[in-house]
Colleague: 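Here it is, the structure, as C-alpha cells.
Convention: sequence-line order gives letters A, B, ...; per-chain numbering from 1.
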4 protein chains.
Amino acid sequence: MTQDTGTQDPGTQDTGGRPRRGRRRDPDAHAAVLRATRELVAELGYHRVTMERIAARAGVARMTLYRWWPNKAAVVTEAVADRLAPGPLPDTGSTRTDAIAHLDGLVRTLTLLGDPSVVAGALAERGEAGRTDLRDLLAARLRPLRDLLDRGAERGELPPGLPVAALVDSWVGFVLYRIVFTEQVPAEDEVTALVDALPFSEPDD
Amino acid sequence: MTQDTGTQDPGTQDTGGRPRRGRRRDPDAHAAVLRATRELVAELGYHRVTMERIAARAGVARMTLYRWWPNKAAVVTEAVADRLAPGPLPDTGSTRTDAIAHLDGLVRTLTLLGDPSVVAGALAERGEAGRTDLRDLLAARLRPLRDLLDRGAERGELPPGLPVAALVDSWVGFVLYRIVFTEQVPAEDEVTALVDALPFSEPDD
Amino acid sequence: MTQDTGTQDPGTQDTGGRPRRGRRRDPDAHAAVLRATRELVAELGYHRVTMERIAARAGVARMTLYRWWPNKAAVVTEAVADRLAPGPLPDTGSTRTDAIAHLDGLVRTLTLLGDPSVVAGALAERGEAGRTDLRDLLAARLRPLRDLLDRGAERGELPPGLPVAALVDSWVGFVLYRIVFTEQVPAEDEVTALVDALPFSEPDD
Amino acid sequence: MTQDTGTQDPGTQDTGGRPRRGRRRDPDAHAAVLRATRELVAELGYHRVTMERIAARAGVARMTLYRWWPNKAAVVTEAVADRLAPGPLPDTGSTRTDAIAHLDGLVRTLTLLGDPSVVAGALAERGEAGRTDLRDLLAARLRPLRDLLDRGAERGELPPGLPVAALVDSWVGFVLYRIVFTEQVPAEDEVTALVDALPFSEPDD
DNA sequence: AATTAACCGAGACGGTACGTCACGTCTTTAA
DNA sequence: TTAAAGACGTGACGTACCGTCTCGGTTAATT
C-alpha cells in the first residue's frame with residue numbers, strides 16, 4: 001500500500017461517483033517514476049538526481065512529475081516511502097528479541113536506500129513540506145518500536161521509570177547517525193549490544 | 001583553537017620557514033566571512049544562504065570566497081566548526097554528571113546553529129569533501145565523551161562489557177535525531193533520563 | 001528575409017513535416033532581443049553590451065538568450081545581420097553608377113551600426129563560429145557588387161582583364177578600413193572618386 | 001627602432017637631466033614580455049592571451065606588466081609594433097614596382113602576426129587608447145606608401161586627379177579585409193593585379 | 001658604508017561578465 | 001482530461017580575467 005505523503009493524488013481521490021471523463025492517469029507511469037527515482041537515488045545520490053533525469057528514465061514528461069508531486073523532495077520521499085513503511089512486525093513474545101529485530105530491519109531499510117545523502121537531501125530541501133513528510137514517515141516507522149517497549153515495560157520485562165520515548169529515539173538516532181553521518185553501517189552485534197545495555201528480563205510465561 | 005577542515009588556508013599553512021612574499025590574506029575579511037555565514041545561516045536557514053549574500057554581508061567580493069573555500073558547504077562547515085569544537089570539558093569526577101553536562105553542551109551547540117537544516121544541508125552538499133569535514137568535526141566533538149565513558153568503565157562506575165562506542169553514538173544520535181530530524185529540542189531531563197538508563201554507580205572516593 | 005547565421009533556430013528549422021508539439025518560441029521575444037541588441041550596440045559599443053543588459057532591455061530572461069544563441073557574438077551578429085543583408089539592389093543600367101550606389105549603401109549600413117567596435121568585437125570573439133558567420137554575412141553582401149562588375153566587364157563597360165574580385169574587396173576594404181579602423185566615415189565623393197579611378201565607359205545603349 | 005605607443009616608459013622618458021636614482025627597469029624583462037606576447041598571440045590568438053599567461057611565459061610578475069603598460073591591448077600593440085614599423089622602404093624608381101613591393105611587405109607583416117584576431121582584438125578593446133595606438137601604427141606604416149604615390153603623380157607616372165589617399169586606403173583595406181576578415185592571405189599576383197588596375201606609366205628617365 | 005629611491009616577485013582583493021544547471025511555470029498539440 | 005514536448009523566468013553556481021593594492025626583497029646611485 002502506498003503511503004499518503006501529502007501528494008495530491010487524483011488516482012485515488014473521490015470523484016463522487018460521477019464518471020471521470022478524458023484520459024486517465026497512467027498508473028504505469030506513476031510506478032515507473034517511483035522506480036526510476038529509487039534507481040537514480042541509489043546510483044547518483046540525492047543531489048545528482050534531477051527531475052529531468054527522473055522523467056527521462058521513467059519515460060515521462062517532466063511536466064507530469066510536477067502534476068503529481070510538488071517538488072523533488074516529494075518524489076524522492078514517496079519513492080522511498082514503501083521502504084520506510086513499517087513492514088511485518090516481529091512478535092516473538094520477547095521484547096528484547098523483537099526490539100533487536102526491529103532495529104535490524106531499520107538498518108537494512110536505510111542501507112537499501114543506497115545513498116546516505118537521500119535522507120540529508122530530503123531534509124535539507126527548501127520548504128517545510130519535504131521535511132514534514134520525511135519526519136512523519138520515520139515517526140510512523142518508529143511507533144511500533146515504541147509500543148513494543150511500552151508493552152514490555154507494562155509486562156515487567158523492563159524496570160519501571162525508563163524513558164521509553166528517549167530510548168527509542170536514541171536507538172534510531174544511533175542507526176541514523178551511523179548510516180547517514182558517518183556512513184558506517186552498524187554491525188548486527190552492535191545493535192544487539194546496544195539493546196542489551198538495558199536490563200531486560202525475559203518474560204515469565 | 002580552529003579546526004582544520006580541509007580548507008587550503010595559507011594563513012595557517014606551513015611555508016617551511018621560507019619568508020612569505022606578497023600581500024597577506026586579510027584576516028578581518030576571513031573572520032567577517034565566517035561571522036556573516038553564521039548569522040545568515042541562523043537567520044535564513046541553510047538553503048537560503050548564498051555565496052552572494054555571504055559576500056555582501058561580509059563586505060567581501062564573491063570571488064574571495066571561492067578563493068578560500070571550494071563551495072558553500074565548506075564555508076558553512078568552517079563557520080560552524082568553532083561552535084562544534086569540543087570546548088572546555090566538564091570534569092566533576094562523576095562520569096554520570098560529566099556525561100550529562102557534555103550532552104547538554106551538544107544540545108546547546110546544535111541549537112545555537114539556529115537552523116536544523118544546516119547540518120542536513122552541509123551533509124547533502126555535492127562532493128565528498130563536505131561530508132567528510134563535517135563527519136570529522138562531529139567525531140572530534142565526541143571523542144572526549146567516549147574517553148569519559150571508557151575511564152568510567154575502568155574505574156568501575158559502569159558495569160564491564162558495555163558497548164561504549166555504540167552508547168555514545170546512540171546519545172549523539174538521540175540529540176541529532178531530535179534536533180535535526182524532528183526539530184524538537186530535547187529537554188534537559190530527557191537527556192538526564194537517557195543517561196540514567198545506564199546503571200551508573202557513583203565513584204567510591 | 002532573415003539570414004541564416006548558424007543559429008539553431010527552431011522557428012525556421014525543418015521538422016520534417018512532423019507536427020511540432022509544445023510551446024512555441026515566442027517570436028516577440030526573439031525580435032525584442034535583436035532590437036535591444038542593435039540599440040545597445042549603437043549606444044554603448046560592443047564591449048559594453050552584456051548578455052545581462054540585452055536581456056534586461058528586451059524584457060527577457062538571460063537564460064533565453066543562451067537558449068538560442070551560443071554567446072554574445074552570435075546575438076550581435078544576428079542582430080546586425082538584417083542591416084548587412086543585401087537589400088534592394090540598385091540597377092540603373094550604368095555599372096559605375098550602380099557600384100557607387102552600392103558602396104554608399106555599405107557605408108550607410110556600417111555607419112548605422114553606430115559603433116565601429118561592433119565588427120571588430122564580433123570578429124575578436126572567442127570561437128571560430130562567430131568569425132565565420134560575420135564573414136559569410138559580408139560575403140553575401142558583396143556578391144551582388146561583384147556580379148555587377150562581372151556583368152559590366154562582359155558588357156564592355158570595363159576593360160577586359162581587370163581583377164574584379166580583388167577590386168571589389170579593395171572597395172569594401174576601403175570602407176571597412178575607414179570606418180572600423182580609422183573611425184572616419186568616408187565622404188560620398190571619396191567613394192565616387194575611388195570608383196572613378198577605374199576607366200569606366202558608359203554603356204552604349 | 002621602437003615605436004612610441006603611448007607607453008609611459010621611464011626607460012626612455014625625460015627626467016629633466018636630473019640623474020635617476022634607484023634600481024633601473026630591467027631591460028631583459030621588458031624584452032621578454034614583448035617576445036612572450038608575440039609568441040602567445042601567434043599560438044593562441046588574441047583573446048586567449050591573458051596578462052597572466054604573458055607574465056608566466058616571460059617569467060615576470062603580472063604586476064610588472066601593469067607597471068609598464070596600461071592594459072593588454074597596449075602590450076600586444078607594442079609587441080606587434082616592430083613588425084608593423086615601416087622597415088626599409090623599397091625605392092626602385094618605378095612607382096608601380098615600389099607600391100607592389102610595399103604592399104607585399106604589408107601582407108607578409110600581417111601574416112607574420114600569426115593570428116588575424118590580433119588586429120580585431122586590439123581594436124575591440126575597451127578604452128579608446130588601444131584603438132588609437134593601433135590606428136597610429138597603421139597610419140605610420142601607410143604614410144610612405146602615400147608619399148610614394150604622391151611623388152608618382154607629381155612625376156607624371158599617374159594621371160592627375162587620382163584620389164591618392166583613398167586609393168592607398170583601398171589597397172590597405174584590401175589586405176586587411178582579406179587577412180583579418182576572410183582569413184585568406186592574398187596571393188602576390190592579386191596584389192600586382194590590383195595595383196595594375198591603375199594606369200601607371202613607367203618613368204621616362 | 002649607509003641611505004634611499006625605484007624596481008621586482010608574489011600574491012590577495014574587489015569587481016564584471018561569463019556560461020551552466022536545475023527548478024518550477026506555462027503553453028501548445030495529440031491522444 | 002491527461003500526457004508529451006518544449007519554451008520561459010528565476011536564482012544560484014563556479015570560472016575567468018581584469019586592474020588595483022600591498023608586502024618583502026633586491027639593486028644601484030647618492031650621501
Colleague: Where the side chain of A:Ala61 is defined as all heavy atoms beyond and including C-beta, which of F:dG9, E:dC18, F:dA5 is the nearest nucleotide?
Modeller: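 So the side chain of A:Ala61 is nearest to F:dA5.
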Colleague: Do B:Val33 and B:Glu78 have side-chain heavy atoms sitting under 4.5 Å apart?
Modeller: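 SC-SC contact between B:Val33 and B:Glu78 ruled out.
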Colleague: Residues two or more places apart in sequence or in another chain: which of them pass side-chain contact (heavy atoms from CB on, under 4.5 Å) with A:Ala79?
Modeller: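 A:Ala79: side-chain contact (heavy atoms from CB on, under 4.5 Å) contacts with A:Leu34, A:Thr37, A:Arg38.
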Colleague: Is the side chain of A:Arg48 donor-acceptor paired with the backbone N or O of A:Val41 at a distance under 3.5 Å, no angle test?
Modeller: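 Looks like no, no N/O pair under 3.5 Å.
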Colleague: For nucleotides 25-27 of chain E, give me every protein contact, N/O to N/O, under 3.5 Å, one pair per line with atom names.
Modeller:
unit_1, atom_1, unit_2, atom_2, d
E:dC26, O2, C:Arg23, NH1, 3.3
E:dT27, O2, C:Arg23, N, 3.2

Colleague: Checking B:Lys72 side chain against B:Thr50 main chain: does a donor-acceptor pair fall under 3.5 Å?
Modeller: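 Not confirmed, B:Lys72 side chain does not pair with B:Thr50 backbone.
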Colleague: Select from D:Ala29 and C:Lys72 the residue whose nearest nucleotide in DNA chain E is closer to the 5' end of that strand.
Modeller: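 Whichever sits nearer the 5' end wins; that is D:Ala29.
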Colleague: Can you list the residues that meet the side-chain hydrogen bond (donor to acceptor under 3.5 Å, both in side chains) rule with A:Glu43, with sequence neighbours excluded?
Modeller: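 With sequence neighbours excluded, A:Glu43 shows a side-chain hydrogen bond (donor to acceptor under 3.5 Å, both in side chains) to A:Arg57, given in chain and number order.
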Colleague: Using only atom types and a distance under 3.5 Å, with no angle test, would you say the side chain of D:Asp28 pairs donor to acceptor with the backbone of D:Ala31?
Modeller: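 Absent.
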Colleague: List in chain and number order the residues that pass salt bridge (charged side-chain N to carboxylate O under 4.0 Å, His left out) with A:Arg35, two or more places apart in sequence or in another chain; answer none if no residue qualifies.
Modeller: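 With neighbours one apart ignored, the set is A:Glu39.
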Colleague: Which angle, rounded to 10°, do you find between the first-five-pair axis and the last-five-pair axis of the helix from E:dA1-F:dT31 to E:dA31-F:dT1?
Modeller: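 One end axis against the other gives 0°.
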Colleague: Who pairs with D:Ala29 by side-chain contact (heavy atoms from CB on, under 4.5 Å), at least two apart in sequence or on another chain?
Modeller: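 D:Ala29: side-chain contact (heavy atoms from CB on, under 4.5 Å) contacts with D:Asp26, D:Val60.
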